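Only one structure is covered here, and it is reproduced in the block below.
Since the structure is predicted, the reported quantities are computational estimates derived from the model, not experimental observations.
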Amino acid sequence: MDRPRARCRATAKSVSRAAIIPMVFATGPALAQADAPATAEGVVGQIFGRIEPITEAGAHGFFQLLGNQPIAFILLALALGTLIGRFSLKGVSLGSTAGTLLVGVVFSMIAEAAYGITYSIPGILSSFMLLLFMYALGLKVGPQFFSGLRKGGLAFVVIGLVVWVLNWVICYFGAKLVGLAPGYATGLISGSYTITAILGVGQGAMASGAYVPPAGMTVEEVGANMAAAYAISYVLSTVGIILLIRYLPRIFGRDAVADAKLAEAEFSGGATHPVPGAPGALTMGFSPYDLRAFAVTHDSFVGRSLSQLANDFPAVPILRVVRDGAVMDLASDPTLAAGDIVTVRANVHDLILKEGELIGPESDAPLARNIPMEVADVHIGSHAVSGKALEDLASFGAVGVEVQALFRAGSELPLGPKSEVRFGDVLRLTGPDAALKVTAKRLGGHAVLPTMKSELLYLSLAMLVGYLVGIATVTISGIPFALGTSAGCILAGICVSYFRSRNPEFGGPVHEGARSFLQDFGLNAFVAVLSANVGPKVISALGGDTILWLALIGIVGALLPPFIAFWVGIKIFGLNSIISDGAATGARNSTPGLNAIMEESRSSVAAVPYPVSYALTTVLALIGGYFSMILS
């Protein structure tokens, strides 16, 4: 039975091991039945025909299976890593990202060391997963990003410089001090910074002739030194930085959750409602307004049209009219008759004390009381409405809805009857679906309602633009400079969410559950693929005293700079601990570290400074890697 099968390269170092592959995936009984009708007995026989050789081969067959089925490897690493990440010892836990990395590296190292099986999953899968994570994260923090630049731009730059300078000094002079051979320093910088491109810069320095190996060494040997140092320091620094960034606030006596709430309040400018397009924007929440149904008996309502009543009683919008057991069409502006049942929505206090006397006796008719309520953002597109106060909107057809919030240029404004509405503002309204759509049309916009769908069109186009911007390269003095695809995609997400905060119809809405899934699954799947590919490199680097120096220098170079930079942020610049932590992990180019502090603080506000320090140090790290190669 021919079918496409995702594969990774799994090589065996002995003929007997390689011979297991056809036993596992093309057993005799299975092939014999390939052209036969697919009976239930035949299908069961094929399943056991595939499982039996694996069970006979034991652990060897299990690791061979993971090598030939990369999807199985990724899913297993995700499941076990997430499970391990949940366990905590005295309040300290790895988290799902570090757990996935650890499980994947251990599995790939065992496969390489014990059975000679080398895992190699195509990098395009991990790259795409990382880009999904970055874009989803940009959607989350976009409205706060530019506010963060205005409030802490200088501090974020200084934190980035501190991390970069200290990392370079520790790795370069550390390697020189203990007498490591050429290539190790550049590999340590690349691995401790988790920037693979630095290896390419080092190779480019040798290829261009800017660096010539000393007598007795070849270019290949120097390249092998770089790869070994990179592999050892990469794994250790990735796990170490996740734990460090996660617990930096706690180390300095700060409450991560409390500080995150303070940071959210600071960067929101005192707003109490999420901006349009932000997570939680279209959530109903608590409202002092309630629904009540009354039978029409008073003369002040009998014989009056809904539009007339809306002008006379703007605080008591009529949401439904039931006559003779049928719901009437409100768009036709019906005239009320005695005996009609009307559903109104107003402040509970007013409903209880006044409306019964004004309209008539209260009714318990289910047809009148069962009205689903929705939340919608409406972009004001009518110049006729511009300049009017909220209390005057009823005259423009804003009937049956309540104004929950008012936004201008992405910022929330104080709300009151005299609040002025302008062209381009966004109103957040609550009310029945039909009333929201009618009101939105009369205000010159569309009602953007909650949805369970993902906006694939904008996601694809925005990620494409971000990717192309990220790969655009400028070469100066032989050093290639690029923003990077990760930074390009997070900036794409930031821009989409920024423009959506001004016009909620722009690429939205995106359901928060879908956005959160892209963020969590994207990063952890990226780490799972990464762990499969880096494990064999760690095995090849083991041996001798060199590995101890590589481990020591790599860990110090990875963890000490962000530790000091975090201190600089909170002590010298007075930053909130979560903001300083986000800037430090951006300066260290650690996306898994960013995810760790977001999990710890239960907030995404740490991502506000991340792109600033990330972009700065990405460029500086490439320069530093180039000169570390030349000077070695």
Side-chain angles (χ1 to χ4, degrees), residues 130-153 155-157 160 260 263-264 266-269 271 274-281 407 409-412 426 454-472 482-512 514-516 518-520 522-523 578-579 581-583 585-587 589-591 594-595 597-598 603-619:
L130 180 61
L131 298 184
L132 281 178
F133 166 80
M134 299 300 279
Y135 178 76
L137 183 60
L139 290 179
K140 178 88 171 180
V141 303
Q144 299 170 319
F145 173 72
F146 296 99
S147 174
L149 281 180
R150 292 191 297 269
K151 294 182 179 180
F156 305 158
V157 170
E264 288 175 349
E266 177 185 358
F267 286 97
S268 66
V275 298
F407 301 93
S411 299
E412 186 178 0
V426 176
S454 297
E455 182 46 78
L456 293 180
L457 174 62
Y458 280 84
L459 180 146
S460 303
L461 291 177
M463 287 187 64
L464 174 62
V465 172
Y467 184 86
L468 294 177
V469 170
I471 63 175
L483 179 63
T485 54
S486 296
C489 282
I490 193 174
L491 289 176
I494 286 172
C495 290
V496 168
S497 59
Y498 175 80
F499 288 116
R500 189 181 299 154
S501 69
R502 276 114 176 109
N503 186 349
E505 298 175 45
F506 184 86
V510 174
H511 187 263
E512 173 57 12
R515 191 212 61 79
S516 180
L518 289 178
Q519 177 177 312
D520 296 340
L523 179 63
I578 304 303
I579 298 300
D581 211 3
T585 191
N589 281 66
S590 176
T591 306
L594 175 62
N595 194 62
I597 187 56
M598 291 194 301
S603 168
S604 296
V605 73
V608 170
Y610 180 87
V612 181
S613 53
Y614 178 97
L616 171 67
T617 55
T618 297
V619 175

Between Ser613 and Gly160 (side chain of the first, backbone of the second, donor and acceptor by atom type, cut-off under 3.5 Å), is there such a pair?
no

What is the distance from atom OG of Ser604 to atom CD1 of Ile578, rounded to the nearest 0.5 Å?
11.5 Å

So how far is it from Tyr610 OH to Asn589 CG, rounded to the nearest 0.5 Å?
6.0 Å

Taking all non-hydrogen atoms of both residues into account, name the closest pair between Pro609 and Ala606 and its distance.
CD-O, 3.1 Å

Contacts of Leu468 that satisfy side chain to side chain contact (heavy atoms under 4.5 Å, CB included) - sequence neighbours left out
Leu464, Ile471

Mind listing the closest non-hydrogen atom pair of Thr617 and Gly586 along with its distance?
OG1-O, 3.6 Å

Test your reading of the model: is there a side-chain donor-acceptor pair from Thr585 to the backbone of Gly582, 3.5 Å cut-off?
no

Which heavy atom of Ala136 sits nearest to which heavy atom of Leu518, and what is that distance?
CB-CB, 3.9 Å

Kindly give the heavy-atom pair with the smallest separation between Glu264 and Val605, and that separation in Å.
CG-CB, 4.0 Å

Measuring from Ile597:CD1 to Ile579:CD1, what's the distance to the nearest 0.5 Å?
10.5 Å

Go through the structure and list residues passing side chain to side chain contact (heavy atoms under 4.5 Å, CB included) with Ala492, not counting sequence neighbours.
Tyr135, Ala462

